[in-house]
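Keep in mind that what you see is a predicted model, and the values were worked out from it rather than measured.
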Amino acid sequence: MVKARTAPDLWLIGSILSLLAIGIVMVYSAGAIIAFHDYGDSYYFVKRQLLFAVLGLAAMFVTMNTDYRIWSRYAKVGLLICFGLLIIVLIPGIGDVRGGARSWLGIGSFGIQPSEFMKLGMIIFLAKTLSDEQTRIERFMTGLLPPLGVMATAFGLIMLQPDLGTGTVMMGASLLLIFTGGAQIKHLASLALVGVAGFVGLILAAPYRLQRITAFLDPWQDPLGAGYQSIQSLYAIGPGGLVGLGLGASRQKYNYVPEPQTDFIFSILAEELGFIGGVTVLMLFLILVWRGMRAAMTAPDTFGSLLAAGIVGIVAVQVLINIGVVIGLMPVTGITLPLISYGGSSLTLMLTSLGILLNISRYAR
């Protein structure tokens, strides 16, 4: 048994706490106007964000001090529970419809997203499976195909909600983990072609997704419809300049940028804190990814290495998609910015996952 260090990676924990603090400030700044308009309380979003931040930090403290190897024992059970939640949420009368997707379980305004649990559950399952069968992953039929089938099933259930954004993050992080686990590039390249064809099919099957693609290519074709979010986001980022308009001074959060406290919070951050504020956030994410991958490379066993890489993958894929959407490099997908955007279950699960990553860092060689 490898003995843990006395403390986790301080660079890693510092970047996590810094991003969380910036997120809490920006949730208030970006969401105060909408919160007052919709709920009569400017502090509505930030009070809930603080509550879930406390819950998430408590969960992070527990997982940070729990031997990460314990998760391998419950990998299959945890995955089955996640699948069960994904099925339950699809039942009319049980799952809540919010934002056009039946993806919530809860009472009133409080709820959880089972798809958020699936992201972590899938990473733990794949890390366990690949660490137990390292040599088999190089073979397509007996090594690579079974975990791909599990991933495809989970993705299909998430798409029934439908929630393309969360499904894309789960698949992206899982494929990065499989590549890290030793899958052959020729197999993954073949799967990429199949994935592109399937992605095109999903877009064509839903007119609103096709509208998002055309709006991404030329948002000015429909400036008051499909292109509205992208245009308003750029209108927020542009005036920010080098140092921004000042904290709280955003103009676009006055019901111009949709969902300024969630999907497009980075555009408000860039408007208020400027290029310097935006780069600071990106640097903190780079530190998180750097130290997370360092923990993966120095973990004492294969399971810890793959688990750390998978958790870092979730963060990296989500950040790339969110920032890409906000600055107009990707179509609008509805992905939040980790640790920054408003969201209960997403914030709590992210901090829980990062607690596992911090625990792995304590065992670094």
**Request:** Establish whether L126 and M293 are linked, either directly or via other cluster members, by ILVMFWY side-chain heavy-atom contacts under 4.5 Å.
**Result:** yes
**Prompt:** Rounded to the nearest 0.5 Å, what separation is found between the CE atom of M118 and the OG atom of S174?
**Reply:** 9.5 Å
**Message:** For V150 and L79: C-alpha separation, side-chain torsions, deciding distance, then whether side chain to side chain contact (heavy atoms under 4.5 Å, CB included) applies.
**Reply:** CA-CA 10 Å; V150 177; L79 187 70; 3.6 Å; yes
**Message:** Whether the R48 and Y342 side chains hold a donor-acceptor pair (N or O, under 3.5 Å, no angle test) is what I'd like checked.
**Reply:** yes
**Fill in**
In this structure, CZ of F125 is separated from CG of L120 (nearest 0.5 Å) by 14.0 Å
**Polar side chain donor-acceptor pair, S267 to Q252, under 3.5 angstrom** = no
**Message:** I'd like to know if the side chain of S72 reaches the main chain of R69, judged simply by a donor and an acceptor atom lying under 3.5 Å from each other, with no hydrogens or angles considered.
**Reply:** yes
**Prompt:** If you group Ile, Leu, Val, Met, Phe, Trp and Tyr by side-chain heavy-atom gaps below 4.5 Å, do M297 and L130 land in one group?
**Reply:** no
**Prompt:** Under 4.5 Å between side-chain heavy atoms, hopping through other hydrophobics if needed: is there a path connecting L339 to V289?
**Reply:** yes
**Asked** Just wondering, do D67 and Y363 contact through their side chains at under 4.5 Å, heavy atoms?
**Response** yes
**Asked** Are side-chain heavy atoms of I22 and L284 found at a separation under 4.5 Å?
**Response** yes
**Request:** Answer yes or no: is there a side-chain heavy-atom contact under 4.5 Å between F266 and I340?
**Result:** no
**Item:** Smallest separation among heavy atoms of G292 and L12, with atom names
**Value:** N-CD1, 4.2 Å
**Asked** If Ile, Leu, Val, Met, Phe, Trp and Tyr residues are connected whenever their side-chain heavy atoms lie under 4.5 Å apart, and connections chain through other members, are L286 and L269 in the same group?
**Response** no
**Asked** Is there side-chain contact between L347 and T336, with heavy atoms separated by less than 4.5 Å?
**Response** no
**Asked** How far does CG of N322 sit from OG of S341, to the nearest 0.5 angstrom?
**Response** 5.5 Å
**Request:** Kindly assign one of parallel, tilted or perpendicular to the pair F303 and Y68, based on the angle between their ring planes and the thresholds 30° and 60°.
**Result:** parallel
**Message:** Please tell me whether F275 and L247 are part of a single hydrophobic cluster in this structure, the criterion being side-chain heavy atoms less than 4.5 Å apart.
**Reply:** no
**Complete:** Note: G313 and L176 closest approach over all heavy atoms is CA-CD1, 4.3 Å
**OG on S15 to CG on L354, rounded to 0.5 Å** = 8.0 Å
**Request:** Taking E272 for its side chain and S250 for its backbone only, find out whether a donor-acceptor pair lies under 3.5 Å.
**Result:** yes
**Request:** Determine, stepwise, if the pair F52 / L351 fulfils side chain to side chain contact (heavy atoms under 4.5 Å, CB included).
**Result:** CA-CA 10 Å; F52 285 109; L351 287 170; over 6 Å; no
**Request:** Determine the minimum heavy-atom distance between F264 and V257, stating which atoms define it.
**Result:** CB-CG1, 3.5 Å
**Item:** Stepwise side-chain hydrogen bond (donor to acceptor under 3.5 Å, both in side chains) check, Q113 with T166
**Value:** CA-CA 10 Å; Q113 280 184 285; T166 303; 5.0 Å; no
**Prompt:** Of all heavy-atom pairs between G343 and Q49, which one has the smallest distance, and what is that distance?
**Reply:** N-OE1, 3.2 Å
**L358 backbone acceptor or donor facing S361 side chain under 3.5 Å** = yes
**Request:** Answer yes or no: is there a donor N or O on one side and an acceptor on the other, between the side chain of S233 and the main chain of V326, under 3.5 Å?
**Result:** yes
**Request:** Decide, yes or no, whether a salt bridge links K253 with E271 under the criterion of side-chain N to carboxylate O below 4.0 Å.
**Result:** no
**Request:** State, with a plain yes or no, whether a side-chain heavy atom of N65 is found less than 4.5 Å away from one of N359.
**Result:** no
**Request:** Give the other cluster members for W290, using side-chain heavy-atom distances under 4.5 Å between Ile, Leu, Val, Met, Phe, Trp and Tyr residues; answer none if it is isolated.
**Result:** W11, I287
**Asked** Looking at M60 and G355, what are the two nearest heavy atoms and their distance?
**Response** CG-CA, 3.5 Å
**Remaining members of hydrophobic cluster (4.5 Å side-chain criterion), V62** = none
**Message:** Within the 4.5 Å heavy-atom criterion, are I124 and Y74 side-chain neighbours or not?
**Reply:** no
**Request:** Might you work through the side chain to side chain contact (heavy atoms under 4.5 Å, CB included) test for L57 and L17, ending with a clear yes or no?
**Result:** CA-CA 9 Å; L57 287 172; L17 294 179; 3.9 Å; yes
**Message:** Pair V89, L157 - check side chain to side chain contact (heavy atoms under 4.5 Å, CB included), show working.
**Reply:** CA-CA 10 Å; V89 79; L157 288 172; over 6 Å; no
**Request:** Determine whether V279 and M283 make a side-chain contact, defined as any pair of heavy atoms from C-beta on separated by less than 4.5 Å.
**Result:** yes
**Prompt:** Of the non-hydrogen atoms in S115 and D163, which two are nearest, and what is the gap between them?
**Reply:** OG-OD2, 3.9 Å
**Prompt:** Just how far is it from atom CE of M151 to atom CG of L177, taken to the nearest 0.5 Å?
**Reply:** 8.5 Å
**With sequence neighbours excluded, residues passing ring pair (Phe, Tyr, Trp, His ring centres under 6.0 Å) with Y43** = Y28
**Asked** What distance separates F117 CZ from F83 CZ, expressed to the nearest 0.5 Å?
**Response** 15.5 Å
**Item:** Min side-chain heavy-atom separation Q261-I268 under 4.5 Å
**Value:** no
**Message:** Consider side-chain contact (heavy atoms from CB on, under 4.5 Å). Of I314, V169, V317, V319, which one does P338 pass it with?
**Reply:** V319
